[in-house]
Number of protein chains: 2
Amino acid sequence: MSIATVSRVLNNQPRVAQATRERVLHVADELGYQPHSFAQSLARRQSNLISVVVPAMTSYFFLEVLRGIQDSLADSGYDIVVHLAKARKDAEVQFERSLRRGRSAGVVVISPTVLSAIGHRIERARTAIILVDCKHDDFDSITVDNVRGGFQATRHLVELGCERIALVMADPSSPPAFDRCSGYREALAKFDLPYSDSLVASSTGTDDGFTEEGGYRAMRKILDSGERPDGVFVTSDVQALGVLRAATEFGLSAPGQLKVVGFDDIPLLRHAGITTIRQPMYRLGSLAGGRLLERLADAKLPRLHVVEAPDLVVRGTTSTARAGEVEQFPEAVSVAAMGDH
Amino acid sequence: MSIATVSRVLNNQPRVAQATRERVLHVADELGYQPHSFAQSLARRQSNLISVVVPAMTSYFFLEVLRGIQDSLADSGYDIVVHLAKARKDAEVQFERSLRRGRSAGVVVISPTVLSAIGHRIERARTAIILVDCKHDDFDSITVDNVRGGFQATRHLVELGCERIALVMADPSSPPAFDRCSGYREALAKFDLPYSDSLVASSTGTDDGFTEEGGYRAMRKILDSGERPDGVFVTSDVQALGVLRAATEFGLSAPGQLKVVGFDDIPLLRHAGITTIRQPMYRLGSLAGGRLLERLADAKLPRLHVVEAPDLVVRGTTSTARAGEVEQFPEAVSVAAMGDH
DNA sequence: GTGAAAGCGCTAACAG
DNA sequence: CTGTTAGCGCTTTCAC
């Protein structure tokens with residue numbers, strides 16, 4: 001019984017006698033033997049590690065996406081190494097590390113903060129790479145249609161009769177925030193409502209401004225300037241919390257004097273009754289994991305850009321009818337596959 | 001210039017001429033050379049991977065703890081592999097995998113769900129193991145004093161004049177929930193308040209009952225039975241949300257007719273104004289990471305059991321004074337070091 | 001100071 | 001079907 005035979009059995013290779021196979025399996029089980037994955041990787045010239053690079057945002061978004069990735073990779077034999085990138089510069093370092101030193105088979109990069117930091121460096125990578133929540137022509141990406149989300153939110157406000165619709169956005173350098181803003185402007189244009197700079201404020205700072213405090217300050221800015229919007233689209237639920245706080249300070253309550261639409265639909269915040277645009281976070285993760293597996297199996301696959309559609313979820317901040325009950329308006333998912341350039 | 005010399009330089013070993021060293025460094029940098037970590041691990045007979053086993057709870061708790069671990073390990077050269085244990089049985093499998101197949105240098109196991117599932121199996125491990133949020137004599141552990149937290153919460157209610165204090169707890173098989181309950185009973189005893197089964201309800205199900213729905217159902221049960229508590233301690237903020245919802249349905253508002261104290265102090269829920277017992281989640285993680293590093297450096301260290309003290313944070317559900325403002329009553333941290341048995 | 005050589009634990013031809 | 005023989009890329013004695 002040679003070591004080679006054992007290897008064959010453990011890897012379910014054909015040319016082994018049934019008797020030998022059983023004997024090996026039996027002994028291996030008895031000894032609690034586990035192949036050394038590093039040695040395997042070295043000999044096979046392929047890793048069983050997949051890196052997930054995420055920004056240090058303490059957000060629920062990351063958690064859900066990670067869950068999706070993890071689930072989709074559960075039976076694949078790959079283990080997941082998480083690289084939390086604290087700062088922007090850190091993201092670059094983390095990425096390089098995960099790519100080279102860690103010898104991952106593939107990498108999932110979540111969120112645009114990271115992408116913009118990595119920039120061109122990302123291009124020369126030979127590993128399988130999937131982008132989540134950010135887009136780049138050279139890599140597969142799984143994103144949410146933020147423009148459409150912004151449009152839906154704004155349209156909802158228009159349909160409710162709002163005529164002075166404000167926008168509280170996060171740091172404009174964050175692609176999702178920027179895109180949601182674009183949707184807002186598109187909707188205004190489509191419904192013949194004027195765009196006014198004084199109705200728009202962006203919150204910056206920690207987590208690209210996706211914070212309660214950021215939302216609060218941005219809304220204060222608008223209100224302090226004397227503007228009195230009758231509706232406001234906020235680029236995240238967390239910020240919407242701050243917007244509501246600012247509104248309350250000015251004696252404005254939702255949905256009466258001010259209708260508010262957020263973005264994300266964070267489960268933990270459902271009780272707050274914020275009308276919002278739901279992102280399929282878990283799904284983004286599982287799609288990314290699935291695609292990574294496909295690409296790992298065939299590196300020559302054409303680039304795939306999946307764009308998931310967000311849903312409007314109506315709650316208390318825009319509607320008094322059946323308060324507490326969740327109405328949904330799911331829309332179809334659009335997938336765009338494009339060949340290489 | 002041999003491969004051995006290069007290895008020496010890259011590992012900062014002494015016996016190398018300065019000139020050679022610089023030349024190697026220069027070329028390495030130019031080529032963007034990165035040592036293959038698997039090969040290193042194999043040759044050195046030691047891993048650079050640390051496994052973190054977490055329950056699949058979609059909770060903020062895990063995220064914060066992970067952040068703490070990650071930060072404390074940032075400059076150590078270790079990478080983190082995350083093992084999400086979906087089900088209880090899964091936890092065991094994940095653990096075995098992380099321990100053997102993955103050849104981790106060390107493991108951090110978060111949360112008791114996982115521990116109870118692993119049980120005795122964990123004992124024969126030779127790897128460095130740190131437990132977070134659960135305790136076992138054979139391993140280092142970092143926990144929060146849940147009994148004390150439960151006591152503090154209940155005492156706070158007593159001091160506010162409550163005489164019929166209810167308890168809404170999660171699945172009693174969850175150690176944290178159980179301990180918080182113990183603290184509740186201790187406080188009742190100390191302040192000469194009778195304990196009544198009809199004032200206690202536990203929520204079970206998903207995530208060990210640490211859910212909004214779980215809290216809602218448990219509170220409904222108490223209220224439906226005709227009990228009219230004037231205060232309630234809930235074993236988590238998420239559950240407290242459900243408790244408040246149930247109370248509202250019965251026309252009880254906080255803090256007027258019913259004072260509510262939760263547990264956790266989840267940042268995302270601060271706006272809800274729930275008085276709560278704060279857990280230092282991030283700190284648990286960074287302590288765990290730090291301790292792991294210590295143990296990795298010296299396996300013969302005596303067992304260390306760190307018990308962090310939680311803090312009472314008074315908010316709107318128990319106080320009308322200065323609503324919105326956060327008062328804190330931090331208490332000292334207690335650390336208990338015990339030798340091996 | 002530096003190089004040659006022997007593995008680390010496993011896989012993958014290549015013979016038998 | 002099974003054993004032998006090379007490595008995978010790096011570290012580490014042990015000579016020189």
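Here is the naming used below: chain letters follow the sequence lines, and residue numbers restart at 1 for every chain. Quick caveat: nothing in here was measured; it's all calculated off a predicted structure.
In this structure, B/Arg15 places its CZ atom 14 Å from P of D/dC14, rounding to the nearest Å. C/dT2 atom C1' lies 6 Å from atom CZ of B/Arg8, rounded to whole Å. The NE2 atom of B/His36 sits 18 Å away from the P atom of C/dC8 (whole-angstrom rounding). Remark: P of C/dG1 and CD of B/Gln18 are 11 Å apart, rounded to the nearest angstrom. Atom CZ in A/Arg44 sits roughly 13 Å away from atom P in C/dA13 (whole-Å rounding). Here C/dC14 presents its P atom at 15 Å from CD of A/Gln13, a figure rounded to the nearest Å. Spacing between atom CG of A/Asn12 and atom C1' of C/dT11 amounts to 15 Å, rounded to whole angstrom units. The nearest whole Å value for the distance from the CG atom in A/Leu42 to the P atom in D/dG9 is 7 Å.
The side chain to side chain donor-acceptor pair (under 3.5 Å) test applied to A/Arg295 returns A/Asp140, not counting sequence neighbours.
For B/Gln46 and C/dC8, the shortest distance from a side-chain N or O to OP1 or OP2 is not below 4.0 Å. Within the structure, a side-chain polar atom (N or O) of B/Tyr33 is placed less than 4.0 Å from OP1 or OP2 of D/dC10. The side chain of A/Arg45 places no N or O atom within less than 4.0 Å of a non-bridging phosphate oxygen (OP1 or OP2) of D/dC8. When the side-chain nitrogen and oxygen atoms of A/Thr5 are compared with OP1 and OP2 of D/dG3, one or more of them lie within a distance under 4.0 Å.
Nearest heavy-atom pair across B/Ala105 and B/Thr127 is O-CG2, 2.9 Å. Taking each heavy atom of B/Val144 and B/Val307 in turn, the nearest pair found is C-CG1, 4.2 Å.
A side-chain N or O of A/Asn11 and one of A/Arg44 form a donor-acceptor pair less than 3.5 Å apart.
The 5' end of DNA chain C is approached more closely, in terms of each residue's nearest nucleotide, by B/Ala4 than by the other of B/Ala4 and A/Ala39.
Comment: A/Asp137 engages A/Lys135 in a salt bridge, judged by a side-chain N to carboxylate O separation of less than 4.0 angstrom.
Contacts of residues 20-30 of chain B with DNA chain D (heavy atom under 4.0 Å): none.
Ranking C/dT11, D/dT11, C/dT2 by closeness to the A/Ile3 side chain, first place goes to C/dT11. For B/Ser7, whose side chain is taken as the heavy atoms from C-beta onward, the closest listed nucleotide among D/dC10, C/dT2, D/dT11 is D/dT11.
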*Under the side chain to side chain contact (heavy atoms under 4.5 Å, CB included) criterion, do B/Tyr78 and B/Leu292 qualify, and how do the steps go?*
CA-CA 11 Å; B/Tyr78 286 104; B/Leu292 185 55; over 6 Å; no
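B/Leu10 comes within 4.0 angstrom of no nucleic acid atom, judged by non-hydrogen atoms across all strands.
The side-chain heavy atoms of B/Gln34 and B/Leu10, taken from C-beta on, include no pair separated by under 4.5 Å.
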